[in-house]
**Q** 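Sharing a structure, written as structure tokens. Questions coming.
The first residue of the sequence shown is numbered 1, and numbering continues consecutively from there. Every number for a ligand or one of its atoms is a count from 1 in the order of the listing.
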Amino acid sequence: MEIFIILSLVVVVILLVGYPLVNPLKYQEAHGTRPLARDDNDLYGKREIVFEALRDLQFEFATGKLAASDYAQMKATYELQAAQILQQIDALQPNKSKNAQAVRACPRCHTNMSAQDKFCTKCGAKL
Ligand SMILES: [Zn+2]
């Protein structure tokens, strides 16, 4: 009887400790440590997911799990997604887009920028 109790305790401990290792994504979602996109319109959720993917990617590259070429390619993909999401978020903020009227032009590519911008949104030049 004692051996049965000990064995069932061991099984319970293994399941509790092992579950996050076996299925980390489900565990994080269930415990709210991973941001979820509630639907296609949840831009802030999407933004968090892309940012977290970028952090994970940098971590994997820093620990030597990713080749430099793979890292550069995936990083560019995520950064493009992040830029698109940030543009969509910007477009949703009415007073910001109202103020985003052309006040000055980028010195490098001559794209019109708002007065608040510190960097060119097209070429990245410092304003
Ligand atoms: Zn520019």
Side-chain angles (χ1 to χ4, degrees):
M1 189 61 199
E2 254 178 56
I3 193 84
F4 175 74
I5 293 170
I6 291 170
L7 277 178
S8 50
L9 277 176
V10 167
V11 168
V12 166
V13 168
I14 288 174
L15 287 177
L16 284 176
V17 172
Y19 180 64
L21 301 174
V22 173
N23 204 337
L25 281 186
K26 265 195 174 172
Y27 178 83
Q28 287 171 339
E29 284 168 6
H31 291 78
T33 51
R34 181 183 187 82
L36 278 177
R38 284 180 292 277
D39 55 57
D40 284 349
N41 297 320
D42 183 10
L43 292 170
Y44 293 96
K46 278 186 185 174
R47 182 185 64 179
E48 288 309 307
I49 288 172
V50 173
F51 282 175
E52 190 173 326
L54 269 170
R55 282 193 294 269
D56 287 349
L57 194 69
Q58 284 170 344
F59 178 75
E60 285 182 18
F61 180 62
T63 53
K65 289 181 185 171
L66 266 180
S69 59
D70 291 341
Y71 171 71
Q73 190 186 354
M74 292 171 78
K75 187 173 176 240
T77 305
Y78 284 135
E79 282 175 345
L80 183 66
Q81 286 179 4
Q84 288 169 343
I85 291 167
L86 290 176
Q87 278 180 348
Q88 289 173 332
I89 289 175
D90 274 352
L92 290 178
Q93 293 169 339
N95 44 354
K96 197 175 177 191
S97 52
K98 231 181 261 169
N99 294 338
Q101 288 155 353
V103 174
R104 56 183 170 169
C106 168
R108 195 193 293 167
C109 70
H110 307 292
T111 303
N112 289 330
M113 296 291 129
S114 79
Q116 299 103 321
D117 288 333
K118 292 187 170 62
F119 296 93
C120 174
T121 53
K122 192 176 179 192
C123 72
K126 195 170 183 185
L127 299 177

**Q** Linking Ile, Leu, Val, Met, Phe, Trp and Tyr by side-chain heavy atoms under 4.5 Å, what else ends up with Leu80?
**A** none
**Q** CD1 of Ile85 to CZ of Phe51: how many Å apart, nearest 0.5 Å?
**A** 8.0 Å
**Q** For residues 56-93, which residue pairs pass the ring pair (Phe, Tyr, Trp, His ring centres under 6.0 Å) check, not counting sequence neighbours?
**A** Phe61-Tyr71
**Q** Testing the basics here: between Cys106 and Leu127, what is the closest heavy-atom pair and its distance to 0.1 Å?
**A** CA-CD2, 3.8 Å
**Q** Where is the tightest heavy-atom contact between Arg104 and Asp117, given as atom of each residue plus distance?
**A** NH2-O, 2.6 Å
**Q** In the shown structure, where waters are left out, how many protein N, O or S atoms lie under 2.8 Å from the Zn ion (ligand 1)?
**A** 4
**Q** Can you name the residues that form a salt bridge (charged side-chain N to carboxylate O under 4.0 Å, His left out) with Lys122, not counting sequence neighbours?
**A** none
